[in-house]
Structures are given as structure tokens and as C-alpha cells.
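Note on naming: letters A, B, ... go to the chains in the order of the sequence lines (proteins, then strands), and numbering restarts at 1 for each one. Only this structure's heavy atoms are used, side chains among them; waters, hydrogens and symmetry mates stay out.
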2 protein chains.
Amino acid sequence: MTELLKSHDVNATGHRCHHDYQINCGNCRLNSICLPIALDLHEVEQLEEIIQRSRPLQKGEHLYRQDQPFGSVFAVRSGSVKAYAITDNGQEQVTGFYFPGEVLGMDGIAKNKYASSARAMETAAVCEIPFDKLGELSQRLPSLQRHFFQLMSQEIAEDQQLLTLLSKNTADQRVATLMLSISARNKRRKLSAANFRLPMSRTDIGNYLGLTVETVSRVLSRFQKLGVLSVDNKEINIIDAELLRSVADGSEPT
Amino acid sequence: MTELLKSHDVNATGHRCHHDYQINCGNCRLNSICLPIALDLHEVEQLEEIIQRSRPLQKGEHLYRQDQPFGSVFAVRSGSVKAYAITDNGQEQVTGFYFPGEVLGMDGIAKNKYASSARAMETAAVCEIPFDKLGELSQRLPSLQRHFFQLMSQEIAEDQQLLTLLSKNTADQRVATLMLSISARNKRRKLSAANFRLPMSRTDIGNYLGLTVETVSRVLSRFQKLGVLSVDNKEINIIDAELLRSVADGSEPT
DNA sequence: CGCCTGGTTGAGAATCATCAACATCTGTGG
DNA sequence: CCACAGATGTTGATGATTCTCAACCAGGCG
């Protein structure tokens, strides 16, 4: 319990230093994630010029809304964002969680309007990248064009993995996989892979994974009972990562 | 029964005329689907030059295989193709069905190797588009670049719709939605929206929709009993499209 | 302090998976 | 052209996982 509070402090500190308005792509700690390409200094400067950094968004504020005219894609700089779509028959589907360094909004390009809405799950800062300018710039910078093709391709590949998760895996496997995913993304940002705070509600987790709140809650409780991880509200502490992995890939019959 | 045979002939005829080797993008009946952009004549010619058209593939032949080095994206010219991925723990997941005019293989761009395999579900012809050349050409033709961004964005948006389907909808809704999707894609190709032959097996349908073969079979039988559609092996005849839609969106409690 | 949202836990119900038998279709070789 | 074998599809009976409904608990905020 007291252990968990410590890890929470670490995260909170991480936040504060990210809310730095002076940041640019060149010095951004996230650029190896957000722009994992060999853009040279001059090229980064050109990209720099089209990117807009606004004030941090408050929890609940929207980056964009479904059916609004598409204009920009967004890179998360700090905090976290969820994307969700409302279907014709009015049900909400969470389509993704986005952490610092990750890019969202690309589903709007096809129809020139956003296919989903995006809102901050906590205080968050984002870089807004106007897509028309990005297109122009990509005409001149082949590596930038290639990078964006890759980003979109990655989103496709990840969605397809998620399809498999929803289509073939049990509640245990889905929850375990999400925990591992968040852990891995934390690690990539040089944060703890074992301790983290979930920014989203149980309802959002369930919605994303195609499960009810109750099932998510039960699964997490069971994981705790089994000693796989500890749960204290939104604080997660992965105790036995190996076991969690074996649950996720189904080799561990829970 | 005899009625159905007739519709089958129509499809078969459609096939034959598509297996035309002389075809090019300019005269391709599918170009409004495959390239729904304002490429001018000269631009189409340039695209033309990089596209490769090989002999038709036999049923079961692969366009590409998972983990192979990524090289090209493919447009289906005739027949149909399924994409599927094998997960770490060895289970197969069908990630998509592709019909004439549709483009696949874009999941390979991110990691420079294909994230899935693709095989012909029946005799099929495809256009192979080497991606490095496409990238170069996109540098010079802004509308082509834009088109490919749109294509990939569309794939993302469609995958996310599929996520919703798997995550929130019943077996009935999933099957109904797939039938409507195939119907709509048929219609787009100026073929019958009501009568068509499913190129894929029940197993593939179930795999794609996250259901077992038995469930797919039962659902189709029930639909037939309810007078929504008629099923004769792979021949589908949509009898009450309105009812089918209401089943798909959940407003019809079957 | 108490309300309200969000989370947990329990009991019963429903959907879909599993297992099993049977039917039908396809294509191959006699 | 027919017969047979293997693959594919259908149908039924049973069972497991997850959902639904309901009660309860905890924490945050006016």
C-alpha cells in the first residue's frame, strides 16, 4: 500500500516535467518514439514549423469529435487520451488508449472527417499536426512520407492484433494482454514496467476489451489473489510478469 | 434451387471477363473503386508503369506470407482473397476478406515484413504494386500520396468498426453485418446486392467473426427459417434486406 | 456530512462453445 | 459415369464463460 504510493509519486513527477511549453521535436524526450526515423536536423526543423502545441487539455476535454471535419493528427506529449466511436445504434466503443509519443486521429483521413472522438483521460498535452501541411512536407521529405506510411501501417497491424484478442481470447487473456501492453509502453518511455497507474476507468477497460465492468473487476481481483499482480484502485503492480505473460498467451489455465 | 443456379451463372460470367490480361488501370472496370481519385490520364500512365499483373492465382495460392519481407501491396482484380495471421500461440485469425477493387498488404509497411498471410479463396487475379516505387511516385503526385493515405486510413476505420462488431454484438448481428457488407461490396461492383456466392468457408466466416463454425451454421439456418435470406450451400439470397439490417443493428430481437 | 460516481462481489440467466452424430458436397480414380 | 473418401456443413444435447441484475463499499467533492 505504501509501496504503491511511492510509484505514484514517480509518475506524477514524470508528468510535471513533460508539461514544458518550451519543448520542440528536437529536444523532446519522446522523439525516438514519436518520430522513429532518420530525419536530419534540418528536416526536423521543417516539421517543427507546422506543429502546433497548445495549452494542456484538462481531463475530459476533447481533441476532436466524431464527424467533425478532419484537419490534424495528434501526438500525445504527456498524459493520456482515449479514442471512442459511437455507432449508429448509439453504443460507445473505445477504440484505443494513447500514451505519450503515440499518434492518433489517422482514422479521419479517409472520409475527411473524424471516425471517432478523442478525449483526455487526465491532464494531457498534445502536438497538433495539420494534415494538409504534413502532406505537403511529405512531398519534399521522403523519409517523412515513409514514416507516416509506417505509422498508419502500425495502427492497422495493431488493430488486427486487437481483433484476434477480442475474437479468440478469454476475459483473463484480454485483461492480461492489456496490462502487458501498458507495461511495455511504459517501459518504452523509460518508466517502470512493473508499477503504473491506469488512467482509464474499469468501464473504459471493459468497453475496449469487449467485457463488462464486472468481469474486468473480477479478473483483476483473481489476478491479485493468484499473486500475478496487485491492484489498489488504479495503481497496478505487476508481481509475476512471467506468469502474466503465460496467462496472456493462454499457456496458463487460470 | 434452380433460381439460385441462375445467379451463380451470372457471377461466373463476371469472373471470366475479368481475367483479361490486356487490362490496364485506364480501362479497368474497377478503377473507380481501386483508385477513387482524380488522377489525370498522364498520372495514371505513370502508375500504370509500376504495376505488375501476373497470371491468375489458383485457389489456395498465396499472394504473400506472414513475416516475409514486405515489398508490394496488392489490388484484387478478380476473384477473392483472404488475409489471416497466425499468433504466437499458434491460432489462426482471419483478418479480412478482399474483393475486386480492394487493396491489401498495407499491414507490412510498418515493420517491413508482412504482418499476415494472404491466399486466394478462388481463382483470382491481382495487381502487384511495388511499394518503394509507389512511394517515389507519390513524391511527385500529391493526389496519389493522398489517395494512399486515404486507403490506409480507410483500413484503420474499417478495422475499428470490426472491433466494435466483435466486442459488442451478438452472433446474429455479426453474421448479418457480414452478409450486408458483402452485399454492399457486390453492389459497388455493379453486381447483385441480393444474390451472391460466398467464396469463403463457414470456418473462415466463423474465424473472422469470432464464432465457431457451428454457430455460423445455426445462425444462417435461423435466418433462413425467419425468411431473412435463403441459403443453399454458398449461395446467398437476401430476401428481406430491411429485416437483415434491423437484425444487424440490433433493433430486431431475433 | 452525505451524495454521487466508480468499483467490487454475489447469484442466477443467457449466449455461445464443445462434443458428437449425421448429412452433403467435391473431386478422384476405377 | 459411378462410387467412394475426405472435407465441409448441419443439427442436437450439454456445459462453461460471461452477462445481467442487485446489493454493497469506497473515495471525492460540494
Task: Length of the line joining A:K168:NZ and C:dA17:C1', which is rounded to integer Å - done: 13 Å
- [ ] For B:K59 and D:dA7, give me the distance from atom NZ to atom P, rounded to whole Å.
- [x] 13 Å
TODO: Write down the distance between CE (B:M200) and P (D:dG9), rounded to a whole number of angstrom.
DONE: 11 Å
Task: side-chain contact (heavy atoms from CB on, under 4.5 Å) partners for A:N233, two or more places apart - done: none
Task: Set of side-chain contact (heavy atoms from CB on, under 4.5 Å) partners for B:K113, sequence neighbours left out - done: B:D67, B:K111
Task: For B:R185, all residues meeting side-chain hydrogen bond (donor to acceptor under 3.5 Å, both in side chains), sequence neighbours excluded - done: B:E102, B:S181
Task: Distance, rounded to the nearest Å, where B:N169 contributes CG and D:dT18 contributes C1' - done: 16 Å
Open item on the list: My understanding is that only residues two or more places apart in sequence, or in another chain, count here; which of them pass side-chain contact (heavy atoms from CB on, under 4.5 Å) with B:Q58?
Closed with: B:E61, B:T123
Task: Touch class at under 4.0 angstrom, heavy-atom based, for B:G206 against every strand present - done: nothing
Open item on the list: Holding to ring pair (Phe, Tyr, Trp, His ring centres under 6.0 Å), I want the full list of residues that pass it with B:Y114, two or more places apart in sequence or in another chain.
Closed with: B:Y64, B:F70
Open item on the list: Counting the atoms with a prime plus P, OP1 and OP2 as sugar-phosphate, which does A:K234 contact under 4.0 Å by heavy atoms, base, sugar-phosphate, or nothing?
Closed with: sugar-phosphate
Open item on the list: So, using side-chain contact (heavy atoms from CB on, under 4.5 Å) as the criterion, who are the partners of B:T212 when residues are at least two apart?
Closed with: B:E214, B:T215
Open item on the list: Within a 6.0 Å radius of atom NZ on A:K187, are there more than 12 heavy atoms belonging to other residues, nucleotides or ligands?
Closed with: no
Mind listing the side-chain donor-acceptor pairs of residues 158-166 of chain A below 3.5 Å, one per line with the distance, residues two or more places apart or on another chain?
| from | atom 1 | to | atom 2 | distance (Å) |
| --- | --- | --- | --- | --- |
| A:E158 | OE2 | A:Q154 | NE2 | 2.9 |
| A:T164 | OG1 | A:Q160 | O | 3.1 |

Task: Residues A:Q91, A:N89; criterion side-chain hydrogen bond (donor to acceptor under 3.5 Å, both in side chains); working and verdict - done: CA-CA 6 Å; A:Q91 49 192 357; A:N89 47 58; 3.1 Å; yes
Task: Whole-Å distance separating the CG atom of A:L211 from the P atom of C:dG7 - done: 15 Å
Task: Interatomic distance, A:L166 CG vs C:dC16 P [rounded to whole Å] - done: 15 Å
Task: Pair listing, salt bridge (Lys or Arg N to Asp or Glu O under 4.0 Å) test, anchored in residues 79-91 of chain B, at least two apart - done: B:K82-B:E92, B:K82-B:D204
Task: Contacts of type side-chain hydrogen bond (donor to acceptor under 3.5 Å, both in side chains), residue B:Q93, not counting sequence neighbours - done: A:S167, A:K168
What nitrogen or oxygen pairs link the protein and nucleotides 12-15 of chain C at under 3.5 Å?
none

TODO: Mind calculating the distance between CG (A:D172) and P (D:dC19) to the nearest angstrom?
DONE: 12 Å
TODO: Return the angle between end axes of the helix from C:dC1-D:dG30 to C:dG30-D:dC1, with five pairs used per end and rounding to 10°.
DONE: 30°
- [ ] Let me know the distance between CZ of B:R197 and C1' of D:dG9, rounded to the nearest Å.
- [x] 14 Å
TODO: With heavy atoms under 4.0 Å as the rule, sort B:T212 into base, sugar-phosphate or nothing.
DONE: base
So which protein nitrogen or oxygen atoms get under 3.5 Å of nucleotides 10-12 of chain D's nitrogens or oxygens?
| from | atom 1 | to | atom 2 | distance (Å) |
| --- | --- | --- | --- | --- |
| D:dT10 | OP1 | B:R202 | NH2 | 3.2 |
| D:dT10 | OP2 | B:R202 | NE | 2.9 |
| D:dT10 | OP2 | B:S217 | OG | 2.9 |
| D:dT10 | O5' | B:S217 | OG | 3.0 |
| D:dT11 | OP2 | B:S221 | OG | 2.4 |
| D:dG12 | N7 | B:R218 | NH1 | 2.7 |
| D:dG12 | O6 | B:R218 | NH2 | 3.2 |

